Amino acid sequence: MINMKDIMETITMIQDEHLDIRTITMGISLIDCCDSDIDKSCQKVYDKIYRLTKDLVKTGEDIEKKYGIPIVNKRISVTPISILAGVSGGDPVKYAKTLDRVAKDVGVNFIGGYSALVHKGFSAGDRELIESIPRALAETDFVCSSVNVGSTKAGINMDAVKLMGEVVKETAELTKDRQCIGAAKLVVFCNAPEDNPFMAGAFHGVGEPDCVLNVGVSGPGVVRSALSKMPKDASLNEVADLIKKTAFKITRMGQLVGAEASARLGVPFGIIDLSLAPTPAVGDSVAYILEEIGLEQCGTHGTTAALAILNDAVKKGGVMASSNVGGLSGAFIPVSEDAGMIEAAKAGTLTIEKLEAMTAVCSVGLDMIVLPGETPAETIAAIIADEAAIGMVNSKTTAVRVIPAIGYKQGEILDFGGLLGSGPIMAVNNKSSAVMINRGGKIPAPMQSLKN
């Protein structure tokens, strides 16, 4: 039966509380595009992606019109390109330019998968791809890149961590005339999921089907609005229950869109990633949710506990609404993309150290944080190592997406525009980690890895 109250509630969520389908992402396997000739391989890549995604954007737009639900981004993720580069040899940037060309031709917002998985070491194509990332991101517009450097089972590849510190810095250098945007399209993972629809970390894992449609849902404004109507003396149990109920409603909408898009495109429906991904729009903020729970400002004492409540409740509510919940589901804390986080960082309430503590209980890690331009590559590598250690020991996904603001200093602002927002340049501890980083080697896997 059609319930008028439910209809009006959904309309309010969309119009006033920034509810949206953040992305429909088509994952595509490129294994059958491998070729010993890199030019032939690139042509196969273009042809397969174009054939499968030529109707993706139109399908998303048609569903938007049918249901009145905004679908903010249409994206593509592909098999880690290092695998293809390992077969073909040659300059991996050719693959990046092919991905960029097909993304433009089919009209998507981003394409992810310029990636390598090196948590246990480098195989053919991995190091070449990683070393090419700065050029690839500087010479393309829509390509996103990710590297997995650790896992709970394997430990942390510190040689890769050191290399990624250098790559992040060089990527920012090569795009310094564009607000260092290249580094905003690069993420370093521990325990990377193979079905994540969100950029910059999306890639199509080798355990995935040939083609699949994944959906990312977001609605921090809806959760905040619901909490704002609660009495201030409501218990935290009641707060968690309300978040669960709200997450259920949000996920149900994602299930509807995912099922319809899958049927129209003729590809399997993969997962719904229920991640409360904020935007710079006022009201669409994870930080504001934490403040509704009872903090004067995000970053003060109690922030990690409030985020733990939010993340757990979001997952529990989402699981009840769909049997296909996956990806990174939970709460994102990207500083530059969240109006409340930006305010807290500017006020000094939110620091990198507090953000690191918060990553122990949230969905991802240190995300969209702008660092002073003079931050050494070894310090960036040490930040990556800290986050990877949290992910490895806690058997969860963690990630680092930091942007060294070349030519800028602490307190100044980088403005990326769009969903990437703008970020204040945050203070970084100025004591060196260089000796540790330069040791290389591996951080062994913890005892939790021995579960078989």
Side-chain angles (χ1 to χ4, degrees), residues 80 82-83 86 114-131 133 145-171 183 186-194 196 200-203 205-207 328 333 352-353 355-367 369 371 375-402 404 428-429 431-452:
S82 64
I83 297 173
Y114 199 75
S115 307
L117 311 179
V118 295
H119 38 286
K120 291 192 83 168
F122 300 95
S123 61
D126 288 337
R127 189 179 288 273
E128 290 81 2
L129 182 127
I130 291 171
E131 290 175 346
I133 287 172
S145 181
S146 60
V147 176
N148 192 69
V149 298
S151 74
T152 299
K153 291 282 189 183
I156 303 170
N157 181 349
M158 289 300 292
D159 294 323
V161 168
K162 178 185 177 184
L163 181 57
M164 288 312 300
E166 297 164 357
V167 165
V168 169
K169 188 74 181 277
E170 186 184 350
T171 303
L186 170 60
V187 60
V188 187
F189 275 115
C190 177
N191 290 322
E194 295 190 337
N196 165 30
F203 65 89
V206 293
L328 294 164
I333 50 171
I352 290 180
E353 290 75 16
L355 282 162
E356 182 183 312
M358 292 164 68
T359 64
V361 300
C362 79
S363 286
V364 197
L366 296 174
D367 196 14
I369 294 171
L371 309 179
T375 305
E378 293 90 350
T379 298
I380 297 170
I383 291 170
I384 293 169
D386 283 342
E387 273 305 298
I390 290 173
M392 175 184 71
V393 171
N394 291 288
S395 301
K396 71 182 292 293
T397 301
T398 50
V400 172
R401 183 166 49 151
V402 293
V428 175
N429 193 311
K431 299 299 181 183
S432 176
S433 313
V435 172
M436 174 187 170
I437 296 303
N438 288 325
R439 288 182 185 274
K442 289 191 68 174
I443 295 178
M447 286 298 294
Q448 294 98 303
S449 66
L450 301 177
K451 291 183 177 179
N452 290 340

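All residue numbers in this chain count up from 1 along the given sequence. Since the structure is predicted, the reported quantities are computational estimates derived from the model, not experimental observations. Both backbone and side-chain heavy atoms feed into the values below; hydrogens, waters and symmetry mates do not.
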Is a side-chain N or O of [X] found less than 3.5 angstrom from the main chain of [Y], in a donor-acceptor match?
X	Y	answer
Ser115	Ser145	no
Asn191	Thr152	yes
Lys120	Lys153	no
Lys396	Cys362	yes

Let me confirm one number: the [atom1]-[atom2] distance from [X] to [Y], rounded to the nearest 0.5 Å.
X	Y	atom1	atom2	value
Arg401	Glu387	CZ	CD	13.5 Å
Asp367	Thr398	CG	OG1	11.5 Å
Ile437	Leu163	CD1	CG	12.0 Å
Leu371	Ile352	CG	CD1	5.0 Å
Glu356	Ile369	CD	CD1	9.5 Å
Leu129	Tyr114	CG	OH	4.5 Å

Considering only heavy atoms from C-beta outward, does the side chain of [X] approach that of [Y] to under 4.5 Å?
X	Y	answer
Ile83	Val206	yes
Met392	Pro446	yes
Leu355	Met358	yes
Thr397	Asn196	no
Asn148	Phe203	no

Any idea which heavy atoms bring [X] and [Y] closest together, and the distance?
X	Y	result
Ala381	Val161	O-CG1, 3.1 Å
Thr171	Ala183	CG2-N, 3.5 Å
Val364	Ala399	CG1-CB, 3.5 Å
Ala389	Ile156	N-CD1, 3.6 Å
Cys190	Ala388	SG-O, 3.4 Å
Pro376	Lys169	CA-NZ, 4.3 Å

In terms of heavy-atom contacts, does NZ of Lys442 have more than 12 from other residues, nucleotides or ligands at under 6.0 Å? yes
Between Val168 and Val400, does the side chain to side chain contact (heavy atoms under 4.5 Å, CB included) criterion hold? Intermediate values first, please. CA-CA 10 Å; Val168 169; Val400 172; over 6 Å; no
List the residues meeting side-chain hydrogen bond (donor to acceptor under 3.5 Å, both in side chains) with Ser82, not counting sequence neighbours, and say none if there are none. Asp126
